[in-house]
There are 2 protein chains.
Amino acid sequence: MAQVEVTFQPDGKRTRVEEGSTLLEAVKLAGVDLTTICGGKGKCCKCKVVIEEQKGNVSPLSDIEKKLLTDDLISAGYRLACFTAVYGPVTVRIPDESRTGKQRLQVEGIDTPVILDPAVSKCFLKMPAPTMDDITSDVDRVLGALEAQHGLKNLKFTYSVLPTLPILLRESNWEVTAAVWNNERIITIEKGRTLDRNFGYAVDIGTTKLAGYLLDLNTGKVVAAESLMNPQIPFGEDVITRISHAGKGLKEQNELQQVIVASLNKILERLLDKTDVKPEEVYEMVAVGNTAMHHLFLNLCPTYMGLAPYPPVVKNGINVEAKDIGMKINPNGNVLALPVIAGFVGADSVSDVLATEIYKKDELTLTIDVGTNTEIIMGNKKWMVGCSCASGPAFEGAHISNGMRAATGAIEKVKIDPVTLDVTYKTIDNAKACGICGSAIVDIPAELLKAGAIGVSGMFNKALNTPRLRHGGDMWEFVIAWKDETASGKDIVVTQKDLGEIQLAKAAIYAGVAALLEEAKITNADIKKVLIAGAFGFYIDPASARTIGMYPEIPISKVSVVGNSAGTGARMALVSREARQTCEQISRDVKYIELAKNPRFQSVYMNAYFLPNAELSKWPETCELLKMLGRYPELPPPIM
Amino acid sequence: MAQVEVTFQPDGKRTRVEEGSTLLEAVKLAGVDLTTICGGKGKCCKCKVVIEEQKGNVSPLSDIEKKLLTDDLISAGYRLACFTAVYGPVTVRIPDESRTGKQRLQVEGIDTPVILDPAVSKCFLKMPAPTMDDITSDVDRVLGALEAQHGLKNLKFTYSVLPTLPILLRESNWEVTAAVWNNERIITIEKGRTLDRNFGYAVDIGTTKLAGYLLDLNTGKVVAAESLMNPQIPFGEDVITRISHAGKGLKEQNELQQVIVASLNKILERLLDKTDVKPEEVYEMVAVGNTAMHHLFLNLCPTYMGLAPYPPVVKNGINVEAKDIGMKINPNGNVLALPVIAGFVGADSVSDVLATEIYKKDELTLTIDVGTNTEIIMGNKKWMVGCSCASGPAFEGAHISNGMRAATGAIEKVKIDPVTLDVTYKTIDNAKACGICGSAIVDIPAELLKAGAIGVSGMFNKALNTPRLRHGGDMWEFVIAWKDETASGKDIVVTQKDLGEIQLAKAAIYAGVAALLEEAKITNADIKKVLIAGAFGFYIDPASARTIGMYPEIPISKVSVVGNSAGTGARMALVSREARQTCEQISRDVKYIELAKNPRFQSVYMNAYFLPNAELSKWPETCELLKMLGRYPELPPPIM
C-alpha cells in the first residue's frame with residue numbers, strides 16, 4: 001500500500017504512514033508529544049490537532065468531531081487526530097493545549113549570585129489632599145512626594161498613567177504606590193500600599209526552545225518557570241531560513257515577531273496562572289537570544305546581520321515599552337533586550353558570559369552553549385573571543401528518526417555493553433520509551449564507538465553479529481529499544497543517517513572551538529575549564545560529548561555542565577542593574593571571530609566529522625580508551 | 001400654525017419656524033452658514049446637513065435625496081436641507097463641507113519677534129558602509145555620525161524607527177537626514193538630504209473656535225492658517241458642561257478627546273492640502289487652550305480641576321508622542337501642551353503673556369482675552385495676577401437672535417446716528433447682511449446707549465419715535481438691517497434678551513478685571529496699557545468695548561487690540577525653545593486669583609450689568625460723552 005508523509009509542527013518531525021492511517025497513528029510513529037486519554041475512541045477530545053497544509057489530503061470532518069469540536073475550533077482547522085485519516089502528504093500542527101504537559105522544562109541553569117538591585121522600585125506615597133492654599137497639580141504632588149519621601153528626582157510620568165490619575169489619587173485617599181523604572185520613569189501608580197508586589201519576567205529565546213522565568217523582584221527568586229517550542233520553527237528550523245523569510249518584506253518580518261511575542265505571552269500566561277501574580281504586576285522583562293532571535297523579537301530587519309560583514313541593527317542593550325512590542329506584562333513596563341556582540345554572537349552569549357563569570361576568572365575558560373545555533377566563548381578576565389556555529393537541531397531531537405523533545409518517555413541516557421552490545425537506557429519519568437532526546441543523542445554515538453558498532457567514520461560495522469544491527473529497508477540501523485519496551489510498539493532505532501546528522505552537528509561545534517583556539521594562538525592544554533551550556537540542562541554526559549569530539553580533549557575533571565546559562569544571565573540582569581552594566585561591558589569586550597574568514601575552517605570541519613576526529617593524535621586519551629576496549633581506530637590521513 | 005424649534009450644531013444657534021418649513025428656511029432664519037447654489041431646487045447637493053436628534057420630527061427621505069446622496073451618507077443621517085421639512089423640534093448639524101468656506105479665519109494675531117531656535121533640528125548624515133573591519137551596528141553608526149558631524153551626544157532612537165532602519169540606510173546609500181527632537185530623541189530618519197523640509201503645527205484650542213497654523217521651522221514663518229468650530233460644542237457650550245460630561249466616565253472623557261483631536265487633524269489636513277507639506281514632515285505640534293481644553297485635548301480627567309480648589313492634573317508643559325494621543329503629524333513627532341497656571345487660567349493665558357510680553361514690561365499692563373471663557377492677566381515684569389471668567393459665547397455670536405460667526409455677510413461694524421437713529425453698518429466681504437458677528441455685538445449696545453435708544457440698565461427707551469424700535473411679538477427689538485438689505489429677506493434685529501446676554505457677558509469680564517485690581521490694590525490710573533485679545537482678531541472697537549464697560553475707563557490711547565495672542569504665543573513656542581522656558585517661568589510667576597474667594601465679586605458683577613456700570617462715578621469720560629449727546633444717565637444707587 002502507498003505511504004504518505006506527515007510533517008508535525010512546531011516539532012519539525014516527519015514520518016511516513018500507510019495511506020488511510022489516522023493522524024494518531026502517525027503521531028505515535030513519529031514520537032510526537034500529543035495527549036490522548038480515551039485511546040482513540042472519540043471520547044476525550046484531547047488529541048486536537050490543526051491541519052496546516054494540504055488540507056484536502058485528510059478525511060472529511062466526522063460526525064463525532066462535529067459534535068465534540070466547537071464551531072470556532074472547526075473553522076480554525078482543528079481536527080481530532082484519532083478520527084482523521086490521511087490520504088496524501090499533510091502538515092499538522094500540535095497545539096500547545098494538546099501536549100501532555102509533562103515535558104521537561106529544560107529551564108534549569110546554574111544560580112550565580114548577584115546583589116539584588118532591580119531596575120523597578122516601588123515607592124509608597126502618602127500625600128495631603130489639595131486645599132485652597134495648596135493647589136499643586138496632581139502630577140507635581142506625586143513627583144514632590146517621590147522626591148521628599150524617596151529622594152527620587154526628575155522622574156517622568158509615562159503618558160498613559162495620566163488620564164485617570166486624578167480619580168485614582170482621590171479614590172485611594174492620597175495613599176498610593178508608584179512603580180518607578182530605573183529612577184527615571186513612572187510605570188504606574190497603584191492604589192494603596194503594594195510594595196510586596198513587584199515581579200519581573202526573564203526569557204531565553206532559543207532557536208528551537210523558549211524558556212521563561214517569573215521572578216519576585218523583592219527577593220530575586222524564581223517563582224515559576226515554563227518553556228515552549230519556538231513558534232517560528234514552521235518558518236525555518238535554522239536562523240538562516242528565518243532571516244531569509246523575514247527578509248521577504250515587512251509583512252513577514254512582522255509575522256515572525258508576532259508569533260514569538262504570542263508564545264512569550266503564552267509562557268507568561270502560564271506562569272501567572274501558576275501563581276497569584278497579575279500581568280500588571282510584572283513591570284519588567286529581560287530577553288536574551290542569539291542575534292537573529294533578538295532582532296526578530298524586537299522586529300528589527302535581520303537581513304543585513306545575516307549578510308557579510310554581519311552588522312547587527314543594534315548592539316547595546318535596548319529598552320522598549322512593553323506595549324510597543326505587544327508584550328503583555330504591564331503595558332508601560334520595560335522590556336530590556338540585552339546587548340549582542342555581533343551578527344552571529346548574540347545576547348545569549350553575553351548572558352552566558354555573565355552567568356559563568358568568565359569575564360572575571362583568572363583561568364582560561366571555554367563555554368559552549370549547545371543549541372540549534374551553538375555559541376562559543378573563550379577567555380578570562382584579560383580577553384575574550386567568541387563565535388557561533390549553525391550546529392542544527394539534532395541535539396534538540398529534530399532530524400533524528402526517533403528523536404523527540406525531552407518529555408515523558410524520552411530515552412535520556414544510553415549505555416551499550418562493549419562486549420554483549422546489550423543496551424541499557426533510562427527514560428524520563430521511567431515511562432515506556434517513546435523516542436530519544438538530546439542527552440541520549442550524544443551518548444549513542446559515543447557508546448556505539450566504544451562498543452565497536454561504528455568506526456571512526458561513523459559507519460556501522462556490518463560484520464557485527466547482533467540482532468540490534470540490521471538493514472531497516474532504507475539503510476542500516478541499530479536498535480536502541482525493542483518494540484515490546486516502547487509506547488508505540490515499534491522498535492526505537494538510530495540509523496546511519498541519524499549518525500551522520502549528529503556527526504555534522506558536533507563537527508560544527510568543534511570547528512568553532514578550534515577556530516577560537518587558533519585565533520587566540522593557544523592549545524588544548526591552556527584551557528583550564530570547559531563549561532557546557534544549553535537546553536540540555538544538566539543532563540548531557542560531558543564524557544560522551546568528549547568521546548564524540550564535540551570539544552577538544554581536555555581532562556574530564558575540568559569539564560562541567562551549567563545548564564541553561566543564557567536563562568541564568570537573563571535572570572541576573574533582571575534583578576541587578578550592575579549585571580546590566582556588566583553585560584554592556586561584555587558586549588564590548590568579547591572579540592567576535594568570523595569563522596568564514598578562517599581559511600582552515602573547512603578542513604577542520606571535515607576532520608571533525610570523524611569520531612572523535614580525523615586528527616586522532618589530538619585525542620590520545622580517547623584513543624587509549626578505545627584501544628583498551630579492543631578498538632583500533634584507523635583513518636584516512638587527516639585533511640590539513 | 002404651530003412653530004417648532006430647530007437647533008443648529010456646532011454653532012449652537014436656535015430658531016423657530018412654522019411646522020412644515022424646510023430646514024433651508026430655518027437655516028436662513030437662524031443666519032447659519034450653509035452653502036446652497038441651486039437655491040433649493042434639489043440640484044446642487046450642497047446643502048447637506050445631518051439630523052442629530054429627534055430624527056422622527058422631519059419628513060421622510062425624498063426620492064431626489066435618495067438619488068443625490070450616497071448610501072454611506074444616508075446611513076450617516078445626511079439630508080438635503082432644502083428637501084427636509086420639520087414637524088417638531090430637531091437638532092441639526094451643519095458639517096464643515098457644507099459651509100461656504102468664506103468664514104473669516106480669526107487666526108490673526110500680533111507677531112512678536114522671537115529668536116528662531118525650534119526644538120526639532122534636521123541633520124544630514126553621510127556614513128561609510130559596514131566592512132569586515134568595521135562591523136559597527138546600524139544604530140551606533142547613525143549615533144556616531146550625529147555626534148561626529150553634528151556634535152549631538154546621548155541621543156535616543158524612537159523605537160518605531162528601528163524595524164526598517166537597516167533597509168532605509170542601504171537604500172539611501174548611507175546618506176540620510178535625521179530629525180532630532182530637543183537634542184534628545186531621534187524622531188525619524190529620512191532618505192537623502194531633506195534639510196529644507198521641517199514643519200511644525202501650532203494650535204489654539206478655544207472653547208468655541210480652533211485655530212491652527214502650519215509653520216516652516218527653518219524660517220519661523222506661517223505657511224498657512226485655518227480654523228474650525230470646536231466640535232465639543234454639542235457636548236456643552238461652556239467648559240463647565242463639558243467638564244461635567246467628561247466626568248461621567250472614561251468613555252465620555254475619551255470621546256471628548258477624540259472629537260477635538262479629529263478636528264485638529266482636519267485643520268492640519270486642510271493646511272497640508274493648501275501646501276505641499278506631508279504629514280510626516282510635521283515633526284512637532286504646540287497646543288494652547290484654557291485648562292479645561294488643555295485637559296480634554298490630553299485626555300486628562302478634568303473633574304477635579306473643575307471643583308474647588310481647582311488643581312490641574314498637570315501644570316508644567318507636557319511633551320507627548322503624537323501617536324499616543326492620535327495626532328496625525330509624524331507619529332513619532334512631539335506634541336507640547338504649554339503649561340497652565342491653574343484650573344481656570346490655562347495655557348492660553350500663558351501664551352497671551354508670552355505674546356504680549358507683559359512679563360518683561362515696565363508699565364503695568366492689563367490683557368483681556370475675550371472668548372467663551374475670558375482670561376485676564378494683569379501685571380508687569382515685577383508681578384502678575386490672573387483670573388478667568390465664564391463670559392459665555394455671546395461675543396462669538398451664540399445666544400444672540402441674529403448672531404453668527406464672522407463669515408461672509410456678517411455685520412461686523414455698526415454706527416447709529418445719535419439724532420436720526422439711522423443705522424449704518426459694514427458686512428464682511430460687503431455681501432448682503434446675514435447676521436451679526438462679535439465686533440458688531442460689542443458696537444450695538446454702545447451705539448444704542450449713545451443714541452439714547454437704551455438706558456444704563458440696557459432697557460429700550462420705548463418712548464423713542466423710530467420704526468426701528470418695535471415690539472417683535474415676544475419682546476422689544478431694534479432693527480439693525482431692514483429685510484430688503486438682508487440675505488434672508490427678513491429684518492436683522494437685536495432684542496431686549498440679546499442685550500441682556502451681552503450685558504451679562506461684559507459684566508463677567510469687568511468683574512474679573514475689578515477683582516484683579518482689588519487683589520493688586522491698585523486703581524484704574526495705575527494701568528498703563530490695556531490689550532484686548534481674542535478670536536475677534538483686530539476687529540473689535542476698543543471704544544465701544546469701553547463704552548459698554550467691558551473694562552475700566554482707561555484713556556483710549558492706552559488701549560490696543562492684539563488679536564489671537566494665544567495663537568501667537570503658541571507659534572512663538574513652536575519656533576523657540578527659549579520661549580518654552582519663558583512659558584514655564586510665566587506659569588510659575590502668574591498668581592492665580594480665585595474669583596469665588598472675593599466677597600465683593602457678586603456685587604461688582606451686578607453693578608457691571610449696567611451700561612457702562614452702576615458705579616457711574618468711575619466712568620467720568622463716558623458720562624461726559626453721554627451728556628454731550630444729551631443723555632443723562634440715571635441709576636439706582638450702586639450695590640456696595
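Residue A:K323 places its NZ atom among more than 12 non-hydrogen atoms of other residues, nucleotides or ligands, all under 6.0 Å distant.
Note: B:R170 leads B:R170, B:E594, B:M132 in heavy-atom pairs under 4.5 Å with chain A. Considering only heavy-atom pairs separated by less than 4.5 Å from chain A, the leading option among B:I167, B:L165, B:D134 is B:I167.
Among residues 152-163 of chain A, the residues having any heavy atom closer than 4.5 Å to a heavy atom of chain B are, in sequence order, A:Y159, A:L162, A:P163. Using a 4.5 Å heavy-atom cut-off against chain B, the contacting residues of residues 304-322 of chain A are A:Y304, A:A308, A:P309, A:Y310, A:P311, A:P312, A:V313, A:V314, A:K315, A:N316, A:I318, A:V320. Proximity to chain A at a heavy-atom threshold of 4.5 Å picks out nothing from residues 333-343 of chain B. Residues of residues 137-145 of chain B that come within less than 4.5 angstrom of chain A, heavy atom to heavy atom, are B:S137, B:D138, B:V139, B:D140 in numerical order.
Using a 4.5 Å cut-off between heavy atoms, A:T136 touches chain B through its backbone atoms (N, CA, C, O) alone.
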